[in-house]
There are 2 protein chains.
Amino acid sequence: MLSSCVDLLEWDEETYLPRGGVEHRSEQLALLAGLLHDRGTDPRIGELLGDVEGSRLVADPESPAAVNVREIRRDYDRERKLPRKLVAESARVTALAQQAWADAREAGEYDLFRPWLERILKLAREEAEAVGYPAVPYDALLEDYEPGMTTADVAQLFEELKRELLPLVDAINGSRKPRSRTGVQRREFPVDRQRIFGEAVAGAIGFDLKRGRMDSSLHPFCTGLGPGDCRITARFSTRDFAGGFFTVLHEAGHALYEQGLDAEHYGTPMGDAASLGLHESQSRLWENLVGRRRSFWQHFFPRARAVFHEALQETRLDPFLAGINRVERSSVRVRADEVTYNLHIFIRFELEQALLSNDLKAADLPEAWNAAYKRYLGVTPANDVEGCLQDGHWAEGLVGYFPTYTLGNIYAAQLFAAAREQVGDLDAQFARGDFATLLGWLRDHVHRHGRRFTARELVERATGAPPSWPPLISALKEKYVDQEGR
Amino acid sequence: MLSSCVDLLEWDEETYLPRGGVEHRSEQLALLAGLLHDRGTDPRIGELLGDVEGSRLVADPESPAAVNVREIRRDYDRERKLPRKLVAESARVTALAQQAWADAREAGEYDLFRPWLERILKLAREEAEAVGYPAVPYDALLEDYEPGMTTADVAQLFEELKRELLPLVDAINGSRKPRSRTGVQRREFPVDRQRIFGEAVAGAIGFDLKRGRMDSSLHPFCTGLGPGDCRITARFSTRDFAGGFFTVLHEAGHALYEQGLDAEHYGTPMGDAASLGLHESQSRLWENLVGRRRSFWQHFFPRARAVFHEALQETRLDPFLAGINRVERSSVRVRADEVTYNLHIFIRFELEQALLSNDLKAADLPEAWNAAYKRYLGVTPANDVEGCLQDGHWAEGLVGYFPTYTLGNIYAAQLFAAAREQVGDLDAQFARGDFATLLGWLRDHVHRHGRRFTARELVERATGAPPSWPPLISALKEKYVDQEGR
């Protein structure tokens with residue numbers, strides 16, 4: 001309950017908070033973070049857990065009671081290992097580091113952010129030492145975002161994917177000239193109409209707007225503020241229809257997961273998402289596997305033309321599809337296409353491991369960043385703002401978070417392939433505007449389980465195989481190599 | 001700090017909360033209300049107060065330290081007298097009563113609300129008994145909203161005002177036919193333009209939008225969420241320019257008070273408003289004494305015409321002024337003009353005293369309500385929705401709150417008259433767009449003092465006389481009798 005108050009304060013900070021209110025907000029958040037830590041580490045929780053662990057109540061390990069006891073224990077033990085001083089210091093430093101990061105971007109000077117990055121890495125190392133880890137400190141951080149996954153697991157999965165993906169990117173880029181910008185990109189899409197269309201599509205795929213809403217923010221996000229209150233944000237710009245639209249679909253994908261959690265279990269692990277990677281799989285699935293698909297637009301393109309009648313009056317479906325499916329090596333993650341996106345993640349995964357282990361000094365980050373971009377993508381960022389200052393994650397204290405994006409892509413492709421096998425012709429369903437069948441499958445195999453299983457277990461149960469790269473590579477090949485332009 | 005989190009949750013509930021989130025929100029609010037009560041009644045506060053009371057620190061009774069010690073003692077003692085059970089029960093009952101009130105309005109059935117009103121009156125009586133009072137239980141409730149004022153004080157002030165006001169209303173209504181609706185009321189004022197114009201005017205009179213914002217809600221309000229974060233809401237409708245515009249001015253008046261409090265003292269009584277009546281005086285002053293004045297519109301009318309060029313193209317200043325200054329006996333308080341408004345308050349003040357003392361049964365309220373409207377205003381509400389169900393205050397548990405509206409009108413007229421004497425020709429200033437001189441006077445004589453003085457003391461210090469009716473009656477006579485149409 002208290003945590004959901006924090007969520008609202010954070011939502012407001014990103015959407016409506018006037019500039020003058022920022023400082024007070026950080027103090028409110030620090031107060032609530034302290035209260036949460038105090039309550040989350042109350043020894044009474046440990047006593048109560050001790051009373052029920054091993055009792056008949058938790059005999060069936062998949063029962064809600066057993067899941068809740070297991071996962072509350074997990075959260076409690078982790079929280080107990082974190083000194084209050086470290087928690088408070090992290091809250092304080094990340095609040096200031098985010099401002100420093102914004103200032104560094106504004107000034108185009110990495111050195112304004114560097115000392116803060118050093119402090120954050122130091123705190124991350126302290127957190128890892130406090131929590132403990134099986135092999136390397138990075139494990140301790142990763143475990144918080146993707147329970148059940150070790151650094152070695154991720155590294156192996158990414159190595160295999162990389163081996164397939166690099167030649168695939170070459171093949172796509174080599175087989176033809178980069179597509180020129182189509183007419184769609186040059187036209188004007190009024191922002192109010194983008195909002196109306198985005199809400200309508202989010203509603204059509206299942207986002208319940210009686211139990212949620214959509215607002216604007218600089219960095220789009222989704223937040224579940226309580227049962228019956230899940231909010232997404234988007235950012236629209238007149239000349240970038242695709243940028244705004246796919247953000248809506250992405251966040252709506254997250255929202256479908258939140259709204260699919262069992263409200264009866266709200267506030268307990270059974271009513272909570274299993275991992276960030278699994279959460280990301282839901283956003284990626286709707287954004288890329290559904291939303292960039294021909295059959296999806298067979299249904300929605302006429303509707304888009306009705307709303308954007310000026311911009312789209314002379315556009316046909318094929319060039320429109322080509323426009324929203326361009327593949328291009330670039331230096332900015334958030335604008336990357338679904339094929340090259342994972343290369344951006346590989347870079348971050350490598351660099352943050354090296355930073356955490358001190359093999360890479362924060363002072364040498366810009367050079368290492370640019371070298372990695374040259375190596376993986378063949379591009380050099382124009383400057384540090386488009387380079388190592390492009391993401392705000394580290395400033396927020398999120399070290400070990402990036403791999404969950406590519407894990408999300410992997411899970412998404414695997415879940416989508418399984419759904420396709422199990423529920424019949426998805427493309428025919430999409431073309432007639434039926435998204436409920438796919439959503440029902442996801443509700444049943446993913447959403448309703450809360451934290452009953454780890455993401456890894458859940459993917460294996462839903463698809464018959466542990467997380468692996470082939471479905472993702474197949475999906476990309478099917479679209480970009482076998483049936484070019486689809 | 002915690003209380004300001006409650007304020008944000010409440011702001012969000014009125015502005016953006018999806019319907020599905022209402023239930024969870026009431027639980028969040030109940031949790032925080034409990035935490036606040038626990039902390040506000042912590043015996044440690046009493047010990048600390050004991051340590052400083054009578055010390056050198058509080059030797060000067062008007063020093064911030066002394067004011068804070070005195071007022072924290074006042075809040076603490078009151079809070080300590082309230083049983084936790086009563087606080088929790090009130091939170092729960094009022095949350096449900098508000099829903100019942102809304103349902104009763106929807107169905108047009110007073111009986112759906114009656115049992116809730118009975119419960120609320122019972123809780124109010126319990127609160128009064130717990131807190132204690134000098135003469136009558138109503139004193140205990142009034143004291144929470146208007147410290148230093150007793151029921152007898154208010155009754156006497158209102159009696160005197162009533163004696164002057166009733167013949168004045170007769171005189172205004174008798175001296176001419178009720179003005180017919182002018183063209184302004186029949187034209188269309190696009191809502192987005194009303195919002196832009198409202199924000200611009202609020203900014204021009206001094207509302208700092210870097211430290212605040214304006215949103216929409218069904219029932220407009222102003223809330224100070226922290227230093228640097230004061231928000232107002234409004235409600236616009238295409239065919240009611242005046243309704244929307246004067247709401248903005250009213251809430252902006254409240255916001256100017258909030259923004260004029262000393263941020264250095266935020267979170268302590270020195271940084272808090274002195275009373276609801278004084279708060280209301282600031283909103284009424286800007287809404288009525290400034291905003292319905294010829295000189296104000298000498299500055300803003302050309303600007304309004306530029307924004308509403310279609311609606312106002314053929315309207316001149318005089319009929320526009322006449323349109324926004326119509327006096328008419330009606331049955332709905334929130335739509336009442338500045339002259340008859342106080343009659344609505346007299347009715348509520350009488351009825352809620354009778355309800356609290358059990359001289360009037362809740363079951364007999366509709367009849368008593370309609371009889372009072374006949375007596376004071378010569379009208380009979382068409383039904384209970386326009387009658388005794390029109391206000392949500394009692395459903396919110398606000399018994400003893402209504403008198404602060406008329407106290408606000410009295411204080412406002414008295415403060416405005418004093419400012420006029422002290423800072424030169426206000427009308428000349430307004431006509432050239434100078435509102436900073438008046439605001440500076442209010443900052444100096446009202447806002448910056450926080451809770452240093454009671455409203456009554458503060459009015460006397462600022463104007464040289466205790467709160468009394470003559471300035472209000474003079475202002476109304478000057479406008480509606482002496483210089484008709486001004």
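So that the names make sense, note that chain A is the first sequence line, chain B the second, and so on, each numbered from 1. Everything quoted here is computed from the prediction, not taken from an experiment.
Under a cut-off of 6.0 angstrom, the local environment of CD in B:Glu23 is sparse, with at most 12 non-hydrogen atoms contributed by other residues, nucleotides or ligands. Surrounding CD of B:Glu106 are at most 12 heavy atoms belonging to other residues, nucleotides or ligands under 6.0 Å away.
Contact annotation for B:Asp208: neither backbone nor side-chain heavy atoms come within less than 4.5 Å of a heavy atom of chain A. At a 4.5 Å heavy-atom cutoff, the contact between A:Leu31 and chain B is made by side-chain atoms alone. Both the backbone and the side chain of A:Leu2 come within less than 4.5 Å of a heavy atom in chain B.
In this structure, the separation between CG on A:Leu35 and CE on B:Met1 is 11.5 Å, given to the nearest 0.5 Å. Atoms CZ and CG, on A:Arg213 and B:Leu17 in that order, are 9.0 Å from each other to the nearest 0.5 Å.
When the options B:Leu8, B:Leu29, B:Leu32 are evaluated for a side chain to side chain contact (heavy atoms under 4.5 Å, CB included) with A:Cys5, the one that passes is B:Leu32.
Between B:Tyr16 and A:Tyr16, the two ring planes are parallel [angle under 30°; tilted spans 30° to 60°].
When side chains are defined from C-beta on, B:Arg25 counts as touching A:Asp229, because their heavy atoms get closer than 4.5 Å. Inter-residue side-chain proximity for A:Gln28 and B:Ser4 is flagged as met; some heavy-atom pair is nearer than 4.5 Å. By the 4.5 Å heavy-atom criterion applied to side chains, A:Asp12 and B:Asp12 are not counted as neighbours.
Of all the listed residues (B:Gly20, B:Gly21, B:Gly212), the one sharing the greatest number of non-hydrogen pairs under 4.5 Å with chain A is B:Gly20.
Minimum heavy-atom separation, B:Pro18 to A:Gly228: CG-O, 4.1 Å.
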